[in-house]
Amino acid sequence: MASTFLVTSCTTISYPSKFSYKPSPIFIRAKPIDNYYKVNCKINNSIINHDDEGKYFPGKLLDRRSVLLGLGGLTNFIGVANKPFALGQPVPPPDLSTCSTASLPDGSNVPFTCCPPLPKDLSNIPTYKLPNVSKVKIRPAAHNVTQDYIDKYSTAIQRMKSLDEDDPLNFMQQANIHCAYCNTCYEELGFPGVPLQVHCSWLFFPFHRWYLYFFERILGSLIDDDTFALPFWNYDSQVGMQMPSLYNVVNSPLYDPNRNQNHLPPNVIDLGFTTIDVDASDEQKINNNLTMMYRQMLTNAPCPQLFFGNPIRGGEQPICGMGTIEYIPHNSVHRWVGNPNNKFRENMGTFYSAARDPIFYAHHANIDRMWTIWKTLGSKRRDFTDRDWLDSAFLFYDENRTLVKVTVQDCINNEKLGYKYEDVPIPWRNFRPVRRKQKVKKNAKNVKPATKIFPSKLNKTLPFSIQRPKISRTKEDKNIEEELLVFNNMKFDENECIRFDVFINEDEGVKAKVLDRAEYVGSFANLPHMHDGAGGGGQNTTTTSTSTPATMSLAITEILEDLGLEDEEEIVVVLVPHSGGKEITIGSVEISTLACAN
């Protein structure tokens, strides 16, 4: 059945003078409840027809229009037939012809190009068709693999490393894919001056899922085994909280000397690691890790927006709005593995070089596993249905060396991609922290309101009080909206490994090395990287390492329940910096609510 939509008017949008970049043309999409329409702002009284699957009938081609997207979200207009307009479109694949030198965290360039080889014809890139899955393969936990598996995996990696340097399947070429997508080598296709960045937004999970998918298939093709599956580093369980032994055999293709030698087994990983090892027992580290996993997967991720990260749409300049898992454990594990003797903790400790270490793929397999687990945790934990997310696209070489286009919507079901994860215990699922303190009595002398504290540099432990807009919320209220503690306009030096912890109902003497208690809310963690302020294309006009302002939202509904603070009009928050605190400024802090839309 076809739907018809009548466009009767279109208005002009002025560009605020504060924006230095020139807005690129995009579609305006009128978004009724059940269908999407692309609207032409040059043609009035036009009939736009499409079928229920979103395929457009032949007719007038809809022109693009130059509009400025509001930073970090949708700009709505009241449109025809009382339907709201949402200015946006999917993030397009990269314009490969613009690929150039990547940016380092200090604003300089990497000493090599990480642009992959180009096919002869860029005008005819096919859309990837998922092969039929006869049997779903199992990605194993790295600590459980057999010697036969290790031998097979090592052989595949060695063969990948032995391919010609300009072969798109070569190990370094595969590693450079991550560099190109993550260090502003590309511009978005059709949006000159807009860099393509797959971190810090809702693109994080789907990009890395596709990346591992093709990497895994290439390895299987090199050993003629289409059942081969990558291992995952099971660091969210006690049994996997050490660097997996298969990656620590010197002279193995799986070994990388550019790792922190102080973190080799039997050292227990710190999933909140910055640059300094926490002075805590192994038992305390394990408890901290399980607490952080509970917070990041359950407490702070009840909604798609909080788990995946902020939306980003075609033509928007990148703005950092990470989801919970990208903060911790993703960023922290990268830092924990990276070599502190290298400038940017290469290899794993920075985006441009991270995928040169084979352990990268085991790390990201576990991150991908978190996506599959999160959707089983109930309530509103489900994938976005926003077409701008589902239709966003990437380009990869498949195992046949064919450059193909893929979209987010084709990767959201991992079993349709032909794999699932070994069923292992998930101890953090039932590791809900308990309260350790009675209510903190606010000391008017030491605890000032947030409105009088911020903006402020976070160079010491910082307590403040904050007003809640609504108290004693009912169960129905909580089902509709999540209460959030929001940190706005955070500016920091992207050279720095930065982390700070957030506590409620604590005082200035809080011991941040003990996180397994209900008072711990969550953490902010940064991995050094650089966004090219000029927007891709290697223009490298950015001379400062200060980031685009970032935001962080922490869900506190469950925490207020556990602390008995649901009836309090005002709560006490304490921020505890670890490393890089002097490099971060927080613009403001507020409590707001979020409807868990998808």
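Worth knowing before you read on, the calculation uses all heavy atoms, side chains too, and leaves out hydrogens, waters and symmetry mates.
- Taking each heavy atom of A354 and H334 in turn, the nearest pair found is CB-CE1, 3.6 Å.
- Y397 is not listed as a side-chain neighbour of F214, based on a closest heavy-atom distance of 4.5 Å or more.
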Problem set entry | disulfide (SG to SG under 2.5 Å) assessment of C114 paired with C179 | CA-CA 6 Å; C114 54; C179 172; 2.3 Å; yes
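- The ring-ring contact (aromatic ring centres under 6.0 Å, His included) check on Y294 picks up nothing, with sequence neighbours excluded.
- Listed by chain and residue number, nothing satisfies the salt bridge (Lys or Arg N to Asp or Glu O under 4.0 Å) test with E481 (two or more places apart in sequence, or in another chain).
- Y419 does not carry K137 over the face of its six-membered ring by the limits of under 6.0 Å from the centre and within 45° of the normal.
- I269 has its side chain out of reach of M243: every pair of non-hydrogen atoms, C-beta onward, lies at least 4.5 Å apart.
- Here the side chains of L417 and L130 are in contact, with some heavy-atom distance below 4.5 Å.
- Minimum heavy-atom separation, R259 to P358: NH2-CD, 4.4 Å.
- Using cut-offs of 30° and 60° for the angle between ring planes, the H330 and F204 rings count as perpendicular.
- Two residues are said to be in side-chain contact when any heavy atoms from C-beta on lie closer than 4.5 Å; W233 and V337 meet this criterion.
- Contact of the R435 side chain with the D562 side chain is not registered, since no non-hydrogen atoms from C-beta on lie closer than 4.5 Å.
- Looking at heavy atoms from C-beta onward, H143 lies out of side-chain contact with Y235 at the 4.5 angstrom threshold.
- Scanning both residues, R499 and D270, for their nearest heavy atoms gives NH1-OD2, 4.3 Å.
- Contacts of K343 classified as salt bridge (Lys or Arg N to Asp or Glu O under 4.0 Å), with partners at least two apart in sequence or in another chain: D106.
- Nearest heavy atoms, A518 versus R295: O-NH2, 3.1 Å.
- Salt bridge annotation for R139-E216: present, with a cationic side-chain nitrogen under 4.0 angstrom from a carboxylate oxygen.
- Side-chain contact check for N300 and E558: no donor-acceptor pair (N or O, by modelled atom type) lies under 3.5 Å.
- Listed here is the closest heavy atom pair of G309 and W202: O-CB, 3.9 Å.
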